[in-house]
Novice: 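Attaching a single structure in C-alpha cells format; questions to follow.
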Amino acid sequence: MTAETVARLLDESAAARPDRPLLRDCAGATLTVAEVAALSTAGTRWLWDAGIRPGMTVAWQLPSLTSAALLMLALARSAVTQAPVLHLYRQREVCAALDVAQADALVVDGSTAANSPPGTRIVTLPDDFVERLQALPADPHPQLCQPHSADATRWIYFTSGTTGRPKGVRHTDATLLAAACGYAQYLGLGQHPDEVGTIAFPIAHIGGMVYLASALIADFPVLMVPKVDAETLPQLLAEHGVTVTGASTAFYQMLLSAQIASGSREPLIPSLRMLIGGGAACPPELHKQVREQMGVPIVHAYGMTEAAMVCVSPATDTEEQQSNSSGRPIPGSEVRISDSGEIELRGDNLTPGYVDAEQWRQALTSDGWFRTGDRGYLRPDGRIVITGRTKDLIIRKGENIAPDEIENELLAHPLVDEVAVLGQPDELRGELVCAVVRRSSRHRDVTLDELCAFLDERGLMKQKWPERLVLVDEFPMTGLGKIAKAELAQQISGGSQ
C-alpha cells in the first residue's frame, strides 16, 4: 500500500478497480469502490450544506449501515476531526463523549436521535442519505475538502465502559492504516477468490475504519450488519456467502450456540473459512469447540482503542498457536513485558496521545512506552498470551487470583456456556471468588459443587474454586461486546445461589 491517507487509499483503489464491490447491505444492495469514492466525495458537499466547516470536531452516532460508512469516509476527506460514538451509548454516555472531544456538532439518524444531549448542535442523517448523495455533484467541496497530512490528528475515539468518564483517544490516518495493513497481511484477507467480510460490530469502534481500510487494501466487499440477531445471523451470513466474520468472543459464542442448537453436522454457514476478531480474551476451550462444531478456526487479535491490532494470529499459525495466544505483533508494532507483568507498547499503530495531555503523560513509562493495564507474557515463538487486567485480580487472603484462568477452565464444563468470575468483598477473606453463569436453554443449570469438583479434576488449587455461584439470564455488556463486570458485580451484590 502506497496511500498515506484514508481518502487517498479509497481514490487509488477506485482508480485501480472501479467495478469491484465494496459495501453491501443486508438486502443485497451493493456499492462498488468507484461508487463509494464518488459518494463520499459528494458527501463533503452535503456536510457543507449541513453547516459543517473546516476546523470543526464532528461527532457521529450511527449503526453499522452503508450510510454510516459513507459519512465516515466523507468526513475523512474533510478538514475536520471526527469523533465516532458507539450507537449503543445512551444520552449520559454520549454527553460525556461529546464533552471530552469538545465536539461542535453531532450527526445522528432516527435510531440514535433520542440520545442527543440538550443544547447539542444536531445534524440528522436522512433515511435516503445514499440517494441524496447520488443526486449531488461527485466532486469535492472546494473549502471543506482540503489535503491533509497523514500524521494530522483527525480522529477521536473513546475508551469503552459503562460507567465513568471515557478517555478521548486521538488517532491519525497513519496510525489507523498501519493497523489495517498488518491485519490484512497477517490474516491473508482477500486471498480467497470469493472473499466476503462483515462489519457486524459497531462501526464507530476503532475497528470500523481499520476493517474498512483492510477491505480496500485486500480487495474484498463488506456486508454491513447494523443489528446482530442470534436467530437470523447464521442464515444472513450464509445467504451472502460470507467467508470471514467476527467481532468479540461473545459473537463467536453466538454462532457456536446456533450451530449446536441446529443439531446438524452440516455447517450453518458453508462459505465461512474463519472467525476473526478481538476486544476480549478468547479462551482455548472456545477455540476447541468452534473447530469441532463449526469446522473453522478462530483467528484472534489483541488490540485496544489506543492501538488497534497490536498482535494478530497469522492465518498460517498452527492450531496450538491460535488457540493459546493472541498472535504476534504486526509490522511496526512493538511489545514488551514490564517486570510486573504489564504489557507495554509503542509503534506505528499507537495513538499520539489522549485529548487530555496529562492523562497521556501518566499512561507512559519514563522511556515513552504506553502502559496498557493488561497482564501477559511473550512466548518463545513471539506470540503474546493475555492473562488479564492488572486491576482485575482477586485478592483472597493475600493470594492473587486471576479470574481469566478460572473462566477458561470453567468454559470446558458441559453445563457452562458463558461465565464471568468476579471478586466480591468478604470480611474473612478480603475477597471471595464468585462465578456468574448464564443460564442455557440447552441444558439444566450447573451447581456450585459441580463447578468445584470439575476444577478439582482440572488440577486448580482449592483457593481458586468459586465460593459462590450466581445464575443469570443475561450478562450486561459494554458497547464492544465485553461483559461489563462492574455493572454485573452491582447486579449480583445481593442474594446468592
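Start at 1 with the first residue, then count along the sequence. A quick note: this is a predicted structure, and the numbers were derived from the prediction, not measured.
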Novice: Between Arg77 and Ser40, does any side-chain donor sit less than 3.5 Å from a side-chain acceptor?
Specialist: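 On atom types as modelled, these side chains qualify, holding a pair under 3.5 Å.
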Novice: For Gly277 versus Tyr183, what's the shortest heavy-atom pair and its separation?
Specialist: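 Gly277 and Tyr183 have their closest heavy atoms at N-OH, 4.0 Å.
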Novice: Output yes when Glu93 and Arg90 qualify as a salt bridge under the 4.0 Å nitrogen-oxygen rule, no when they do not.
Specialist: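 Result for this pair is no, no salt bridge flagged.
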Novice: Write down the atom of Pro140, the atom of Thr44, and the distance for their closest heavy-atom approach.
Specialist: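 So the minimum-distance heavy-atom pair works out to CA-OG1, 3.6 Å.
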Novice: Going by atom types only, do Tyr252 and His287 share a side-chain donor-acceptor pair under 3.5 Å?
Specialist: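 Side-chain D/A pair, Tyr252 to His287: absent.
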Novice: Within the structure provided, determine whether Thr81 and Val58 are in side-chain contact (heavy-atom separation under 4.5 Å).
Specialist: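 Not in contact.
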Novice: Compute whether any side-chain donor of one residue and acceptor of the other, for Asp109 and Thr112, lie under 3.5 angstrom apart.
Specialist: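 On atom types as modelled, these side chains qualify, holding a pair under 3.5 Å.
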Novice: One thing to verify: whether Glu431 and Arg396 come together as a salt bridge, which I'm taking to mean a side-chain N less than 4.0 angstrom from a carboxylate O.
Specialist: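 Here Arg396 does not pair with Glu431 in a salt bridge, since their nearest N and O are not under 4.0 Å apart.
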Novice: Step through the shown structure and confirm whether more than 12 heavy atoms of other residues, nucleotides or ligands are within 6.0 Å of CZ on Arg371.
Specialist: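 Result for CZ/Arg371: enclosed.
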Novice: Report yes or no: does Arg383 contribute a side-chain atom to a donor-acceptor pair with the main-chain N or O of Asp381 at less than 3.5 Å?
Specialist: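 Yes; judged by distance alone, with no hydrogens or angles, the pair exists.
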Novice: Would you verify whether the NZ or CZ of Arg328 falls within 45 degrees of the ring axis of Tyr186 while also being under 6.0 Å from that six-membered ring's centre?
Specialist: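 Checked: cation-pi criterion met.
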Novice: Is there a donor in the side chain of Gln82 and an acceptor in the side chain of Trp60, or the other way round, less than 3.5 Å apart?
Specialist: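 Side chains of Gln82 and Trp60: pair found under 3.5 Å.
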Novice: Relative to the ring of Tyr354, is the ring of Phe370 parallel (under 30°), tilted (30 to 60°) or perpendicular (over 60°)?
Specialist: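 It falls in the perpendicular class, over 60°.
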Novice: Work out which heavy atom in Thr159 is nearest to a heavy atom in Thr305; give both atom names and the distance.
Specialist: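 That closest heavy-atom pairing would be CA-OG1, 4.1 Å.
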Novice: Quick one about Tyr302 and Asp374 (side-chain donor to acceptor, distance below 3.5 Å, no hydrogens or angles considered), yes or no?
Specialist: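 Side-chain D/A pair, Asp374 to Tyr302: present.
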Novice: Please determine whether a side-chain nitrogen of the Lys or Arg among Asp219 and Arg20 lies less than 4.0 Å from a carboxylate oxygen of the Asp or Glu.
Specialist: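 Salt bridge present between Asp219 and Arg20.
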Novice: Looking only at side chains, do Thr351 and Glu306 share a donor and an acceptor under 3.5 Å apart?
Specialist: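 Checked: Thr351/Glu306 side chains show no N/O donor-acceptor pair below 3.5 Å.
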Novice: Which pair of heavy atoms, one from Ala179 and one from Ala308, lies closest together, and at what distance?
Specialist: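 In terms of heavy atoms, the two residues are closest at CB-O, 3.4 Å.
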Novice: Examine distances only and state if a side-chain atom of Thr120 and a backbone atom of Ile122 form a donor-acceptor pair shorter than 3.5 Å.
Specialist: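 Such a contact is absent between Thr120 side chain and Ile122 backbone.
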Novice: Are Glu407 and Lys485 within salt-bridge range, i.e. N to O under 4.0 Å?
Specialist: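 Yes, charged N to carboxylate O under 4.0 Å.
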Novice: Answer yes or no on whether Arg53 is positioned over the face of Trp48, meaning its NZ or CZ is under 6.0 Å from the six-membered ring centre and within 45° of the axis.
Specialist: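 Judged by the rule, Arg53 and Trp48 form a cation-pi pair.
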Novice: If you measure from the Lys or Arg side-chain nitrogens to the Asp or Glu carboxylate oxygens, is any gap between Arg336 and Asp367 under 4.0 Å?
Specialist: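 Looking at Asp367 together with Arg336, the answer is yes, because their closest N to O distance falls below 4.0 Å.
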Novice: Please tell me if the side chains of Ile343 and Ile386 come closer than 4.5 Å, counting only heavy atoms from C-beta onward.
Specialist: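 When only atoms from C-beta onward are counted, Ile386 and Ile343 do touch, with a gap below 4.5 Å.
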Novice: Taking all non-hydrogen atoms of both residues, which atom of Ala213 and which atom of Leu177 are closest, and how far apart?
Specialist: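 For Ala213 and Leu177, the tightest heavy-atom pair comes out as CB-CD2, 3.8 Å.
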Novice: How are the rings of Phe201 and His205 set relative to one another: parallel (under 30°), tilted (30 to 60°) or perpendicular (over 60°)?
Specialist: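 Geometry flag for His205 against Phe201: perpendicular rings.
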Novice: Would you find a donor on one side and an acceptor on the other, under 3.5 Å apart, between the side chain of Gln491 and the backbone of Leu488?
Specialist: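 Absent.
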